[in-house]
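Have a look at the structure below, then the notes.
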Amino acid sequence: MAEPSSYSKKIIINPVTRIEGHASITIDLGRDGKVADAHFHVNEFRGFEKFCEGRPFTEMPSIAPRICGICPVSHAVASVKACEDIMRLIPPPAATLLRRVMHLGQMVSSHALSFFHLSSPDFLLGFDSDPAKRNIIGLAEKFPDLAKRGIRLRKFGRECSERIAGKNIHSVGITPGGMNLGLSEENRKALLAWIPESIETVRIGLDIFKRYRQKHMVEVDSFANFETLYLGTVGPQGELELYDGKLRFINEKGEILNDQIDPRQYLEFIAERSLAFSYLKSPYYKPLGFPKGMYRVGPLARLNVASSISTPLAQKEFTEYRQIGGKKPLHGTFYYHYARLIEALYAVEEMKNTLENPRVTSSEILACAKRNQAEGIGCSEAPRGTLFHHYVTDENGILTKVNLLIATGQNNAGMNRSILEVAKKQVDGPNVKEGALNRVEAAIRCYDPCLSCSTHAIGAMPLVIEIRDADQRTVRVIQRAK
Amino acid sequence: MNASFTITIDNQSVEATPGESLLEVCRKANIPLPVMCDFKGLSPVGACRLCLVEIEGVPKLLPACTTLVAPNQAVHTQSDKLRKYRRMIIELIFSERNHICAICVANNNCELQKMAYELGMDHVRFPYLTPVCEVDASHEKYVMDHNRCILCTRCVRVCSEIEGAMTRDVMGRGFDARIITEFKQPWGDSTGCTSCGKCVQVCPTGALTPNDAAQGRLKKNPELVALLIEKREAKP
Ligand code: SF4
Ligand code: SF4
Ligand code: FES
């Protein structure tokens, strides 16, 4: 039924429930029938901070990793750093090395999952190929060797935790003060043996991306291309640093806004807004306010903020990556994939360096201290972006406040923008182009958000589009069957 | 001296002395029984009911730790009925407080968790009561997390019977029952607690722990307390 006077509609790519793992997206149409706004609904992390209150702070490194089964090490690292801030303690060097190995390993396995399992089927089989086949199984049918390599790369990443902490997910290795378990010489050698194959696999991935880009230059460059600020952590020389870096913000032109900021000062630079449509808080760069201070995190952001990469092969790729944008950061959302692969290459190379450090097998891995101050802040780069844990305790060390600033939250505004950009091209009034779902899905996938729906390795991401008019009445529903 | 006599346990003849509990006789004869509140050397209380046995001619199940031996008793420690009840009891213990092993400091280091595995508990059929429980971290060395307490009272008994400090007790009934320190003040404010840590060592769960024990690092040494009790009671 046409309603020309109030042609303002809402398109919802709907929930609907977290249990079913649906991605939930609303697209608002303006009075002119054109796409006006888009929101990605995230229903995760509900109450997590709340139910940690009342627990001893030392329990956080075992509670926090339960937030996510893909990046538990990042949560454990950020958490343990916040604890060590409360204890005013510096862990022994060997403990830091071991944590680095686990952290890099998780980066490799998460990036491998994102690229080889979830995204490479899009590149190799085509974005509009049968969703039932557009997955790792379909990939294995057509490119068995590649699929196997992807799976093995992921396995290598996971083995890094296994061989140190005896368990790849939710291990008890990382503990306030250091590590509970060390690395044996045998396990060190076993991990080192993986390096050459892993480097090769990442390079094959890079090749796939670059070839795709050659063929689809316009699409890749223009796909959800919009300017934002970026946040990432860097080492003392501005080099890419994932474990222990300081914060750097850059603007859309690539100019450094702030550099070498201690993550403990994050609240001076990041403010959060609560959103009605999402359980995620939406942070922004405080000095510029919202929406001007909208920033993105994750692989794209990290490579945009970094001045260099400390390992040779990754540095070479980084130089090539940088040439695309000239002096400017790459804003195209599709380049997340590219950045992710370069980062994976760095992670494997850096892993080698870390494992070759003679101290890595030392048994001096644990230091002790008690609560020495009320507050603690810890930060590390998770595969999806900068992660902050912030705890406040009472005089007995019981948590009175917990604030977790997660990557998917920080990218929330970016994801909404990406979906908006895609929707502008795919949606015209109540008419939705064939393949709109696939494009929206591809946009979400660039950010690799840690939602159950985005990690459906088998089958397409379950999405439902609901079109609503100005009075929020449903006009049309488009759904991809599960 | 009272003369010993013979009873049968699981159709096997076992020698018993008047005044002994069925649990003690089982132990001597190497007949395993699940126990949770019992701790060798502390007075028995029959709090957990896991050591239930069947006695021929007695219509109800009785806890072996508080039931004394009597001549001609015929006792059974293994039967479908007993297994059913033990399973139910362990599930009820879990449903009463907030046991989340995965994040508990005692994970993989817990008598209760171990018992649950042994009794084949793969899930809990009863609704969780999820009570709001306090964590008392006021003591300079130890933490009491009421979420993990099973009210076995080992801590109460070791404190009064072995350490002689008598700082611990039970307050309230049923669902509201809580272990308290002295007149229900924060542990750290107690004037009687000697900080000996015996309660922490004998506590079978993550309810009492040293406050620097993060997950994977908890070490309890109940055997040391058991040895101490044994040596103390040994006649020179
Ligand atoms: S006290 Fe034992 S059974 Fe209870 S949560 Fe902790 S480990 Fe599990
Ligand atoms: S604190 Fe430990 S020893 Fe004391 S009653 Fe509770 S579970 Fe038993
Ligand atoms: S051991 Fe007998 S009732 Fe607990």
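Every chain is numbered from 1, with letters handed out A, B, ... down the list of sequences. Quantities reported herein were computed from a predicted structural model and do not represent experimental measurements.
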Does [atom1] in [X] sit with more than 12 non-hydrogen atoms of other residues, nucleotides or ligands closer than 6.0 Å?
X      : atom1 : value
B:K114 : NZ    : no
B:Y117 : OH    : no
A:E186 : CD    : no
B:Q185 : CD    : yes
A:R359 : CZ    : no
B:R173 : CZ    : no
B:F175 : CZ    : yes
A:I90  : CD1   : no

From [X] atom [atom1] to [Y] atom [atom2], the distance as rounded to the nearest 0.5 Å:
X      : Y      : atom1 : atom2 : answer
B:Q215 : A:I174 : CD    : CD1   : 12.5 Å
B:I103 : A:C52  : CD1   : SG    : 7.5 Å
B:N211 : A:N396 : CG    : CG    : 9.0 Å
B:I100 : A:F51  : CD1   : CZ    : 8.0 Å

Under 4.5 Å from a heavy atom of chain A, the part of [X] involved:
X      : value
B:E140 : backbone
B:A102 : both
B:N108 : neither
B:N147 : side chain

**Prompt:** Any idea which of A:I398, A:T58, A:N180 has the most non-hydrogen atom pairs under 4.5 angstrom with chain B?
**Reply:**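 Looking at each option in turn, the highest pair count goes to A:N180.
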
**Top of A:R371, A:R55, A:E395 for chain B proximity - count of heavy-atom pairs under 4.5 angstrom** =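 Heavy-atom pair counts peak at A:R55.
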
**Asked** Would you say A:P56 and B:V135 make side-chain contact, with heavy atoms under 4.5 Å?
**Response**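 SC-SC contact between A:P56 and B:V135 confirmed.
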
**Request:** Report the residues that fulfil salt bridge (Lys or Arg N to Asp or Glu O under 4.0 Å) with A:K370, sequence neighbours left out, ordered by chain and then residue number.
**Result:**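 By the salt bridge (Lys or Arg N to Asp or Glu O under 4.0 Å) rule, A:K370 matches no residue at all.
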
**Contact winner vs chain A - B:D145, B:D212, B:V105, heavy-atom pairs under 4.5 Å** =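 Heavy-atom pairs under 4.5 Å are most numerous for B:D145.
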
**Message:** Taking side chain as everything from C-beta outward and backbone as N, CA, C, O, which of these in A:L181 sits under 4.5 Å from a heavy atom of chain B? Side chain, backbone, both or neither.
**Reply:**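 Neither; nothing under 4.5 Å.
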
**For the student: nearest non-hydrogen atoms of B:R217 and A:P176, plus distance** =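 Between these two residues, the closest heavy atoms are NH1-O, 3.1 Å.
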
**Asked** Which pair of non-hydrogen atoms, one from B:A214 and one from A:T175, has the smallest distance, and what is that distance?
**Response**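 Nearest heavy atoms, B:A214 then A:T175: CB-OG1, 3.3 Å.
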
